[in-house]
Amino acid sequence: MVVLTGAGMSAESGVPTFRDALSGLWARFDPQRLATPEAFLADPALVFGWYLRRTRMVLDVAPHAGYRALVRLARLRALQVVTQNVDGLHARAGSKDVVSLHGSLLHYRCTAGGHPVPLSDILALTGGPRVLPPRCGTCGSPVRPGVVWFGEPLSEAALARAHAITAEADVVLVVGTSALVYPAAGLPHHAARHGARLVEINPEPTPLSASVDIRWPEPAGTALPALAAAVLARDS
Ligand code: BV8
């Protein structure tokens, strides 16, 4: 079983989905415009301040019952998580070997040398909502969040791993994604071409809905615990 998750997986933990309106200073921005190298170049303090706020926010929330259900399920069936999310909640809940397609809000590095910057240095930054990115101690270039921006390529290793495990999957649970962002949105089709059954767990229909075997129109925090309970009951 492969579980492909998007921002909707974190909604019930209180992390706004990517499509939810941005608030405060960023209210007038489209996240797809802000999550780009061009925006960072044009206004580094605006973009860096947005990521710093999001990093602080995800450290303040906890994985909900749906995350814990996936950890239980992984004890009953071979299960691999591939996520588009950058909030680190799968790992926080105890899921192992999570494939993070779009990087992480908990990792910062410099723009020139890719030198990692300790999260503690980032969290020690004061001020806001606009925060000028600090400079790398090694090469002096501005520090950026360790996420994949629109227009940037995904890590080849992560993408290759995601392709390999979805090609082997019997079932792919597609949870909480609007199925709009590529190449992640191509993974369910890749799995189906290799014989996988697709289950979509999402209260709303998406462009993927017409291609799935089962639509499960419930929130992740309801559906995943129900699934784990059903598998457990079947095994006992
Ligand atoms: C790349 C990190 C190439 C940053 C993110 C092919 C076709 C068309 C376009 C493209 C293409 N290839 C590339 C593109 C361009 C672009 C793209 O796909 N654009 C889209 C908008 C058309 N893709 C890229 O730029 C990618 N790069 O391909 O590079 C390349 C190659 C070589 C050299 C140079 C370049 C990079 C994409 C990664 C962007 N970074 N995140 C950050 O977070 O700030 S993507 C970001 O948006 C998220 O990580 C997430 O992946 C995505 C948001 O989507 P979702 O996760 O689905 O979330 P969303 O809010 O949309 O939906 C939430 C869903 O949950 C809803 O359906 C809702 O109903 C549901 N829901 C709500 N509550 C619940 C729920 N479900 C269950 N339970 C609930 N409780």
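Order of listing sets the numbers, starting from 1, for every ligand and every atom in it. Because the structure is a prediction, the values reported are computed rather than measured.
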*Asks:* Establish whether V3 and V99 are linked, either directly or via other cluster members, by ILVMFWY side-chain heavy-atom contacts under 4.5 Å.
*Replies:*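 Cluster IDs for V3 and V99 differ.
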*Asks:* Within the 4.0 Å heavy-atom shell around T177, which atoms of ligand 1 are there?
*Replies:* 55 (P), 57 (O), 64 (C), 65 (O), 67 (O)
*Asks:* Please identify which of these residues, F150, W149, Y51, F48, meets the ring-ring contact (aromatic ring centres under 6.0 Å, His included) condition with F40.
*Replies:*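 Only one of F150, W149, Y51, F48 forms a ring-ring contact (aromatic ring centres under 6.0 Å, His included) with F40, namely W149.
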*Asks:* Strictly distance-based, threshold 3.5 Å: is any side-chain N or O of R144 a donor or acceptor partner for the main-chain N or O of P37?
*Replies:* no
*Asks:* What atoms of ligand 1 come within less than 4.0 Å of a heavy atom belonging to E204?
*Replies:*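 In order of numbering, the contacting atoms are 69 (O).
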*Asks:* If you compare all heavy atoms of T206 against all heavy atoms of S178, which two are closest, and at what distance to 0.1 Å?
*Replies:* CB-O, 3.9 Å
*Asks:* If I apply the N/O under 3.5 Å rule, does G176 come out as touching ligand 1?
*Replies:* yes
*Asks:* Just going by heavy-atom distances, which of A220, G8, S209, G221 is nearest to atom 74 (C) of ligand 1?
*Replies:*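 The nearest heavy atom belongs to G8.
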*Asks:* If Ile, Leu, Val, Met, Phe, Trp and Tyr residues are connected whenever their side-chain heavy atoms lie under 4.5 Å apart, and connections chain through other members, are I214 and V175 in the same group?
*Replies:* yes
*Asks:* For atom 70 (C) of ligand 1, what is the closest protein heavy atom, and at what distance to 0.1 Å?
*Replies:*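 In this structure, atom 70 (C) of ligand 1 has N202 OD1, 3.4 Å as its nearest protein heavy atom.
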*Asks:* Answer yes or no: is there an ion pair linking D43 with R130, defined by an N-O contact shorter than 4.0 Å?
*Replies:* yes
*Asks:* Do any nitrogen or oxygen atoms of P183 come within less than 3.5 Å of a nitrogen or oxygen of ligand 1?
*Replies:*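 So ligand 1 has no N or O lying under 3.5 Å from an N or O of P183.
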*Asks:* Nearest non-hydrogen contact with atom 57 (O) of ligand 1 belongs to which option: A185, A184, S178?
*Replies:*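 Answer by nearest heavy atom: S178.
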*Asks:* Tell me the closest heavy-atom pair linking T222 and P225, and the distance in Å.
*Replies:* O-CD, 3.4 Å
*Asks:* Identify whether the distance between the nearest side-chain nitrogen and carboxylate oxygen of D235 and R75 falls below 4.0 Å.
*Replies:* no
*Asks:* Name the closest protein heavy atom to atom 1 (C) of ligand 1, giving the residue it belongs to and the distance to 0.1 Å.
*Replies:* E152 O, 3.4 Å
*Asks:* Can you check atom 15 (C) of ligand 1: any protein non-hydrogen atom closer than 4.0 Å?
*Replies:* no
*Asks:* Polar contacts were defined as any N/O atom of the residue lying under 3.5 Å from an N/O atom of the ligand; does this apply to E12 and ligand 1?
*Replies:*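 Such a contact does occur with ligand 1.
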*Asks:* Please identify which atoms of ligand 1 are closer than 4.0 Å to at least one heavy atom of A35.
*Replies:* 44 (O)
*Asks:* Using a 4.0 Å cutoff against the non-hydrogen atoms of A11, which atoms of ligand 1 qualify?
*Replies:*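 The list of qualifying atoms is 73 (N).
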*Asks:* T17 heavy atoms, cut-off 4.0 Å: which ligand 1 atoms fall inside?
*Replies:*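 The atoms of ligand 1 under 4.0 Å from a heavy atom of T17 are 60 (O).
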*Asks:* Against heavy atoms of Q32, which atoms of ligand 1 measure under 4.0 Å?
*Replies:*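 Every atom of ligand 1 under 4.0 Å from some heavy atom of Q32: 21 (C).
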*Asks:* Could an N or O of ligand 1 be found under 3.5 Å from any N or O of V147, whether backbone or side chain?
*Replies:* no
*Asks:* With heavy atoms of G151 as the reference, note each atom of ligand 1 found under 4.0 Å away.
*Replies:* 24 (C), 25 (O), 34 (C), 35 (C)
*Asks:* May I ask you to identify the nearest protein heavy atom to atom 53 (C) of ligand 1, giving residue, atom name and distance to one decimal place in Å?
*Replies:* F18 CB, 3.4 Å
*Asks:* Is it true that the side chains of Y67 and S13 contain a donor and an acceptor less than 3.5 Å apart?
*Replies:*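 Looking only at side-chain atoms, S13 and Y67 do not form any donor-acceptor pair under 3.5 Å.
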*Asks:* Counting only heavy atoms, tell me which of A7, P203, A179, S10 gets closest to atom 77 (C) of ligand 1.
*Replies:* P203
*Asks:* Closest approach of L106 and S104, non-hydrogen atoms and distance?
*Replies:* N-OG, 2.8 Å
*Asks:* How far is atom 32 (C) of ligand 1 from the closest protein heavy atom, and which atom is that?
*Replies:*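 Answer for atom 32 (C) of ligand 1: P153 CB, 3.7 Å.
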*Asks:* So if you build clusters from Ile, Leu, Val, Met, Phe, Trp, Tyr with side-chain heavy-atom gaps below 4.5 Å, do L4 and L79 land together?
*Replies:*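 No, L4 does not connect to L79 through the hydrophobic network.
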*Asks:* With the threshold set at under 4.0 angstrom, would you say R54 reaches ligand 1 through any of its heavy atoms?
*Replies:* yes
*Asks:* Take atom 24 (C) of ligand 1 and look for protein heavy atoms under 4.0 Å from it; say yes if you find one, no if not.
*Replies:* yes
*Asks:* To the nearest 0.1 Å, how far is atom 52 (C) of ligand 1 from its closest protein heavy atom, and which atom is that?
*Replies:*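 Scanning the protein heavy atoms, the shortest distance from atom 52 (C) of ligand 1 goes to V181 CG2, 3.6 Å.
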*Asks:* For ligand 1, which atoms, with element, lie under 4.0 Å from some heavy atom of G6?
*Replies:* 56 (O)
*Asks:* Can you tell me the protein heavy atom closest to atom 40 (N) of ligand 1 and the distance?
*Replies:* V148 O, 2.7 Å
*Asks:* Quick test: of every protein heavy atom, which one is nearest to atom 59 (P) of ligand 1, and how far off is it to 0.1 Å?
*Replies:*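 Scanning the protein heavy atoms, the shortest distance from atom 59 (P) of ligand 1 goes to R19 CG, 3.4 Å.
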*Asks:* Measure the distances from the heavy atoms of V175 to every atom of ligand 1 and state whether one is below 4.0 angstrom.
*Replies:* no
*Asks:* Taking distance alone, with N or O pairs closer than 3.5 Å, would you say W149 contacts ligand 1?
*Replies:* no
*Asks:* Considering only the protein, which heavy-atom contact is closest to atom 20 (C) of ligand 1, and what is its distance?
*Replies:* L180 O, 3.5 Å
*Asks:* For atom 26 (C) of ligand 1, state which one of F150, Y182, W50, Y51 supplies the nearest heavy atom.
*Replies:*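 Nearest option to atom 26 (C) of ligand 1, by heavy atoms: Y182.
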